[in-house]
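Notes for the one structure printed next.
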2 protein chains.
Amino acid sequence: MEEMSLTAPEPTALEIVRTRSLSSLVAQEIERMILSGALPAGERLNEQQLAAQLRVSRGPVREAVRGLERSGLVVAVRNQGSYVRTVSAQEALEIYDLRAAITGLACARLAEGAAPAQMATLRALVKRMDTARRADDPPSYYAANLEFHAALLSFGGGPRSQRLYEDLGNELHLFRRRALVQPENMRESNAEHATILKAIAAGDAAAARAAGEAHIAGGKRRFQATDATTKPGTGRKGENDDDQHDPSPPPAAGRRGGRPRRAG
Amino acid sequence: MEEMSLTAPEPTALEIVRTRSLSSLVAQEIERMILSGALPAGERLNEQQLAAQLRVSRGPVREAVRGLERSGLVVAVRNQGSYVRTVSAQEALEIYDLRAAITGLACARLAEGAAPAQMATLRALVKRMDTARRADDPPSYYAANLEFHAALLSFGGGPRSQRLYEDLGNELHLFRRRALVQPENMRESNAEHATILKAIAAGDAAAARAAGEAHIAGGKRRFQATDATTKPGTGRKGENDDDQHDPSPPPAAGRRGGRPRRAG
DNA sequence: GGACTGCCATCTGTCAACAGTTGGCGCGGC
DNA sequence: GCCGCGCCAACTGTTGACAGATGGCAGTCC
């Protein structure tokens, strides 16, 4: 009845303090703030403000920010501070392609030999999404969708693939503030899920791969449809002359030095 | 005549101090130590020893280690220390598959429309490798090979793809101490490079993708051939019951506490 | 009136010190 | 001789404090 849970059950408060260092908790919290939009893309991260807000010293905050910098959520400029990374439309499209490639890989591997229990888990998740769709419950659909893809990558690819997929998904959140799953797309999305499972069950690796890639490509297409800056027709062709894809040039003036604006 | 250089030319010493923080330099140095084998996989990272060795305080070292932890080169255990990550054979194979997928993606994109300058750069690199091979100069071949793949990913995929490819390559170095490019494989490897370029030049996206994937798969095969623990026949099928792929369980006893062993 | 220069508050980068935990070693008991 | 307990040193986690840099604001010169 119950599916394998890809998410940790519920750690005890004491367990948390015993196992996780303060730095990792701070990193987790800052990451949550970024992904939830509390810290919008391009925003400057004030170390001591964050430290005061989280009731810790600046040390753990700095360590956390360094970690987030490595993972690509934050860019740092010496003596100037760290900024929430901004993802350009072009980068977002590239990330979609990467996710499509590794998803297709996982689907192909799964088609070559999936365990019955794994298939059952995936099918149960599709059913859960279908239920959520009928009930017009986007949050539930969103959660189940995350679990589905995590399971797909975990079963077909492995732990590294799963983590990579999630990291890329996090980066995608940095492109503006955008709801990545619109309610009206639930039906189409879940139909693609079913197509994937069908190909896997048939043992057709090529079809499974194509279906997995098409699913992410569909997400990319739906993403493009809602964004005016990405013209679907002209994918980046050869002559990329004027594109200087920097990770994220810090904003011109980051409001740092100077005395605080007082209404005097 | 000269190719686009994918590596930074040569930063001035003053420029380094101005732009890079001490933490990033320490991170770079520790990463170099890990990849060069000076810090073997599984080794414990002693913070104050590293700090003393690099003539800095523990703060930057800790920040650097946190960054390396996020990038997957290091695993940390609370109150116990950080260890250089050990990559299992299974994880190594998974990483090869991921690299194959994103390389194939880049090749396909390149086949859909590569700029002449880009093709010229790639062809020049293949020629350089061929020269190095004839001269029996593995280091030169190795360097050119790195540049070739960096260019391939940069041109066909984008900056994110390129960084991802390199990060995955770095992780691969953590599997034992192994020379990833054997001299006797240079001919075969470069022939595959030529096949990739041929498919790209023909504008055949499917063929280019297949060639790119086959090239990395060839690397995987050559890797498996030199490692007894990876049985080529039985790729991980469905029933993965007993595999608890932890990122890297810390060694049983890490030689930390206790008084120093004195010969008294 | 416009542009330049000096000043200064804020923030980051780095360091040194304090507290808590871990794990081995030696001692004592059985 | 073997097992368990307590001690202790080393190390990590965290904090507070100090130095350097940055960028806006005000005053001043032309």
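Naming: A, B, ... by sequence-line order, numbering from 1 per chain. Note: hydrogens, waters and symmetry copies are ignored here, and every other heavy atom, side chains too, is used.
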Open item on the list: From CG of L45(A) over to C1' of dT12(C), roughly how many Å is that when rounded to an integer?
Closed with: 13 Å
Open item on the list: Looking at R70(A), is its backbone amide N or carbonyl O close enough to the side chain of R70(B) to form a donor-acceptor pair, meaning the two atoms are under 3.5 Å apart?
Closed with: no
- [ ] Enter the distance from L172(B):CG to R99(B):CZ here, rounded to the nearest 0.5 Å.
- [x] 5.5 Å
Task: Results of salt bridge (Lys or Arg N to Asp or Glu O under 4.0 Å) for E29(B) - residues two or more places apart only - done: R32(B)
Open item on the list: Tell me the interatomic distance from N79(B), atom CG, to dT21(C), atom P, rounded to whole angstroms.
Closed with: 8 Å
- [ ] Using modelled atom types only, decide if a donor and an acceptor are shared between the side chain of Q118(B) and the backbone of A115(B) within a distance under 3.5 Å.
- [x] yes
Task: For DNA chain C, the residues among residues 47-54 of chain A that have a non-hydrogen atom under 4.0 Å from it - done: E47(A), Q48(A)
Task: N46(B) side chain near dT12(D) phosphate (N/O to OP1/OP2, under 4.0 Å) - done: yes
- [ ] Not counting sequence neighbours, which residues clear salt bridge (Lys or Arg N to Asp or Glu O under 4.0 Å) with R160(B)? List them please.
- [x] E171(A)
Task: Any R44(A) side-chain nitrogen or oxygen under 4.0 Å from OP1 or OP2 of dT22(D) - done: no
Open item on the list: Can you see if the side chain of Q80(A) gets near the phosphate of dT12(C) - specifically, an N or O under 4.0 Å from OP1 or OP2?
Closed with: no
Between N or O atoms, less than 3.5 Å apart, protein on one side and nucleotides 14-16 of chain D on the other: list the pairs.
{"unit_1": "dT14(D)", "atom_1": "OP1", "unit_2": "L22(A)", "atom_2": "N", "d": "2.9"}
{"unit_1": "dT14(D)", "atom_1": "OP2", "unit_2": "L22(A)", "atom_2": "N", "d": "3.4"}
{"unit_1": "dT15(D)", "atom_1": "OP2", "unit_2": "S57(A)", "atom_2": "N", "d": "2.8"}

Please list every donor-acceptor pair under 3.5 Å in which a side-chain atom of residues 62-69 of chain B meets a protein atom from a residue at least two apart or in another chain.
{"unit_1": "R62(B)", "atom_1": "NE", "unit_2": "E63(A)", "atom_2": "OE2", "d": "2.7"}
{"unit_1": "R62(B)", "atom_1": "NH1", "unit_2": "E47(B)", "atom_2": "OE1", "d": "3.4"}
{"unit_1": "R62(B)", "atom_1": "NH1", "unit_2": "E47(B)", "atom_2": "OE2", "d": "2.9"}
{"unit_1": "R62(B)", "atom_1": "NH2", "unit_2": "E63(A)", "atom_2": "OE1", "d": "3.4"}
{"unit_1": "R62(B)", "atom_1": "NH2", "unit_2": "E63(A)", "atom_2": "OE2", "d": "3.4"}
{"unit_1": "E63(B)", "atom_1": "OE1", "unit_2": "R62(A)", "atom_2": "NH2", "d": "3.4"}
{"unit_1": "E63(B)", "atom_1": "OE1", "unit_2": "S23(B)", "atom_2": "OG", "d": "2.7"}
{"unit_1": "E63(B)", "atom_1": "OE2", "unit_2": "R62(A)", "atom_2": "NE", "d": "2.7"}
{"unit_1": "E63(B)", "atom_1": "OE2", "unit_2": "R62(A)", "atom_2": "NH2", "d": "3.4"}

TODO: Would you please name every residue forming a side chain to side chain contact (heavy atoms under 4.5 Å, CB included) with S161(B), sequence neighbours left out?
DONE: E94(A), L98(A), L153(B)
Task: Over all atoms of both residues, closest heavy-atom pair of L122(B) and A151(B) - done: CD2-CB, 3.8 Å
